[in-house]
Amino acid sequence: MIPLPRDFYLQDTIVVARKLLGKILIHNTPEGVISGRIVETEAYLRGDPACHANRGMTERNKVMFGPPGHAYVYFTYGMHFCMNAVTQPEGIAEAVLLRALEPLEGVELMRRNRKMNERKDLCGGPGKLTQALGVGRVHNGVDLTDSCLIVADSEEITDIVETTRIGIREFTDKPWRFYSKQHLEWVSRR
DNA sequence: ACATCGATCTACT
DNA sequence: GTAGATCGATGTA
């Protein structure tokens with residue numbers, strides 16, 4: 001599995017969000033490899049009130065201001081982690097939220113992490129996929145091109161549905177959520 | 001110091 | 001369709 005190069009994350013963030021569809025997120029854990037195909041993403045841009053970094057750098061969002069190709073993992077709702085891939089050069093805070101995966105390797109580990117058996121319940125949502133892969137606080141800031149958590153190159157998806165983003169209160173009209181039409185069954189919502 | 005609420009999920013109606 | 005869980009980052013005083 002070849003990690004996507006850092007340059008990949010220097011493209012326009014919306015382009016990155018679309019091109020990440022089909023790619024493979026891989027977590028190498030002591031228990032074994034857990035991986036899935038990315039099938040749903042959202043873009044968060046500068047100047048976007050829904051973007052965590054919009055009001056400047058804070059302790060929580062500082063990874064978004066760092067170099068591209070790193071993971072921005074944050075804790076929310078008192079119980080969930082969400083994972084992003086940071087895009088754009090250092091100093092410019094944009095990112096792509098990973099919202100759903102098609103489970104590939106380590107499905108039994110996912111079942112154990114999630115306390116769920118149905119394949120469809122394992123990775124179909126941003127909080128679900130981090131729990132399934134065992135991704136949390138310690139992964140905030142790790143290098144997605146060279147660490148235990150990587151995004152590997154794979155097929156290009158061309159049949160993409162774009163919709164508005166989920167769970168935000170501002171900029172709700174922007175069509176910056178993307179999912180693969182050929183992986184509908186793994187997507188969090190249609 | 002303190003109040004608010006979130007890029008969510010589950011269980012229950 | 002919606003309430004409740006649960007906690008720390010953030011904004012206001």
Side-chain angles (χ1 to χ4, degrees), chain A residues 9 12-18 20-21 23 25 34 36 38-66 68 70-88 92-103 107 109-142 144 149 151 160-180 185-190:
Chain A
Y9 302 96
D12 184 287
T13 298
I14 290 181
V15 171
V16 175
R18 300 177 71 102
L20 277 175
L21 298 177
K23 304 301 185 284
L25 179 64
I34 314 180
I38 299 167
V39 298
E40 178 181 345
T41 60
E42 283 180 1
Y44 286 86
L45 279 58
R46 58 187 189 274
D48 167 6
C51 175
H52 284 175
N54 189 242
R55 287 167 218 212
M57 184 159 59
T58 67
E59 191 56 32
R60 176 172 72 159
N61 67 25
K62 63 183 179 186
V63 171
M64 288 187 75
F65 289 84
H70 287 248
Y72 167 47
V73 180
Y74 67 91
F75 182 66
T76 191
Y77 290 106
M79 56 182 75
H80 300 295
F81 291 98
C82 293
M83 169 178 176
N84 297 253
V86 173
T87 60
Q88 302 300 303
I92 298 178
E94 301 191 353
V96 175
L97 172 68
L98 306 185
R99 287 197 54 92
L101 309 175
E102 170 195 357
V107 172
L109 290 170
M110 291 185 185
R111 290 198 168 108
R112 198 200 301 171
N113 290 340
R114 291 273 301 127
K115 301 180 171 67
M116 294 261 171
N117 286 318
E118 290 295 318
R119 278 180 98 92
K120 289 189 297 283
D121 295 332
L122 295 177
C123 297
K128 296 180 186 177
L129 74 89
T130 54
Q131 187 178 37
L133 269 69
V135 167
R137 220 177 290 283
V138 297
H139 299 96
N140 189 33
V142 303
L144 294 173
L149 188 62
V151 177
I160 297 173
V161 180
E162 63 179 51
T163 76
T164 54
R165 294 172 294 177
I166 293 174
I168 57 170
R169 308 187 54 126
E170 299 177 284
F171 259 42
T172 52
D173 59 320
K174 302 299 174 192
W176 291 341
R177 171 174 175 254
F178 307 96
Y179 61 84
S180 165
E185 66 176 307
W186 306 111
V187 166
S188 68
R189 303 195 202 176
R190 319 186 191 179

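Protein chains get the first letters and strands the later ones, always in sequence-line order, with residue 1 at the start of each.
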Could you tell me if the side chain of [Y] sits less than 4.5 Å from the side chain of [X], heavy atoms only?
| X | Y | result |
| --- | --- | --- |
| A/N113 | A/L133 | no |
| A/M83 | A/L25 | yes |
| A/V63 | A/V73 | no |
| A/W186 | A/K120 | yes |

Can you check the [X] [atom1] to [N] [atom2] distance for me, whole Å?
| X | N | atom1 | atom2 | answer |
| --- | --- | --- | --- | --- |
| A/F75 | B/dC9 | CZ | C1' | 13 Å |
| A/I168 | B/dG6 | CD1 | C1' | 13 Å |
| A/E118 | B/dC9 | CD | P | 17 Å |
| A/Y77 | C/dA3 | OH | P | 15 Å |
| A/H52 | B/dT8 | NE2 | C1' | 12 Å |
| A/F178 | B/dA7 | CZ | P | 19 Å |
| A/R99 | B/dA7 | CZ | P | 11 Å |
| A/N54 | B/dA7 | CG | P | 12 Å |

| query | Which of parallel (below 30°), tilted (30 to 60°) and perpendicular (above 60°) describes A/Y72 and A/H52? | reply | perpendicular
| query | Choosing from B/dA7, C/dA9, C/dC7, which nucleotide comes nearest the side chain of A/Y44? | reply | B/dA7
| Of all the choices, B/dA7, C/dT6, B/dG6, which nucleotide is nearest to the side chain of A/M79 once you look at every atom? | C/dT6
| query | Can you list, by residue number, the residues of residues 121-136 of chain A that have a non-hydrogen atom closer than 4.0 angstrom to DNA chain B? | reply | A/G125, A/P126, A/G127, A/K128
| request: Using a cut-off of strictly less than 4.0 Å, decide whether A/R114 has a side-chain nitrogen or oxygen near OP1 or OP2 of B/dT10. | output: yes
| query | Under 4.0 Å between a side-chain N or O of A/H80 and OP1 or OP2 of B/dC9? | reply | no
| said: Show me, range against range, the stems involving DNA chain B, built from at least 3 consecutive Watson-Crick or G-U pairs below 3.5 Å. | reply: B:1-6 with C:7-12, B:8-12 with C:1-5
| said: Taking the P atom in each of B/dA7 and C/dG1, what is the distance between them to the nearest angstrom? | reply: 22 Å
| remark: salt bridge (Lys or Arg N to Asp or Glu O under 4.0 Å) test vs A/E162 passes for just one of A/R18, A/R177, A/K174, namely A/R18
| note | CG (A/L97) and OG1 (A/T41) are apart, to the nearest 0.5 Å, by 8.0 Å
| task | Report the distance from atom CG of A/D121 to atom CE of A/M110, rounding to the nearest 0.5 Å. | result | 13.0 Å
| request: Using atom types as modelled and distance alone, determine if a side-chain donor or acceptor of A/R165 lies under 3.5 Å from a backbone N or O of A/A43. | output: yes
| Less than 5.5 Å between centroids and less than 30° between ring planes, does A/Y74 satisfy that with B/dA7? | no
| task | Would you please test A/E170 and A/R55 for salt bridge (charged side-chain N to carboxylate O under 4.0 Å, His left out) and show each step? | result | CA-CA 14 Å; A/E170 299 177 284; A/R55 287 167 218 212; 3.7 Å; yes
| message | Please give me every residue in residues 55-64 of chain A whose heavy atoms get under 4.0 Å of an atom in DNA chain C, ordered by residue number. | response | A/T58, A/E59, A/R60
| request: Assign each of A/R169 and A/M116 to its nearest nucleotide of DNA chain B by heavy atoms, then name whichever residue's nucleotide is nearer the 5' end. | output: A/R169
| query | Are A/R99 and A/Y179 in a cation-pi setup, meaning NZ or CZ lies under 6.0 angstrom from the ring centre and within 45 degrees of the ring axis? | reply | no
| Test side-chain contact (heavy atoms from CB on, under 4.5 Å) applied to A/N140 and A/F81, step by step | CA-CA 10 Å; A/N140 189 33; A/F81 291 98; over 6 Å; no
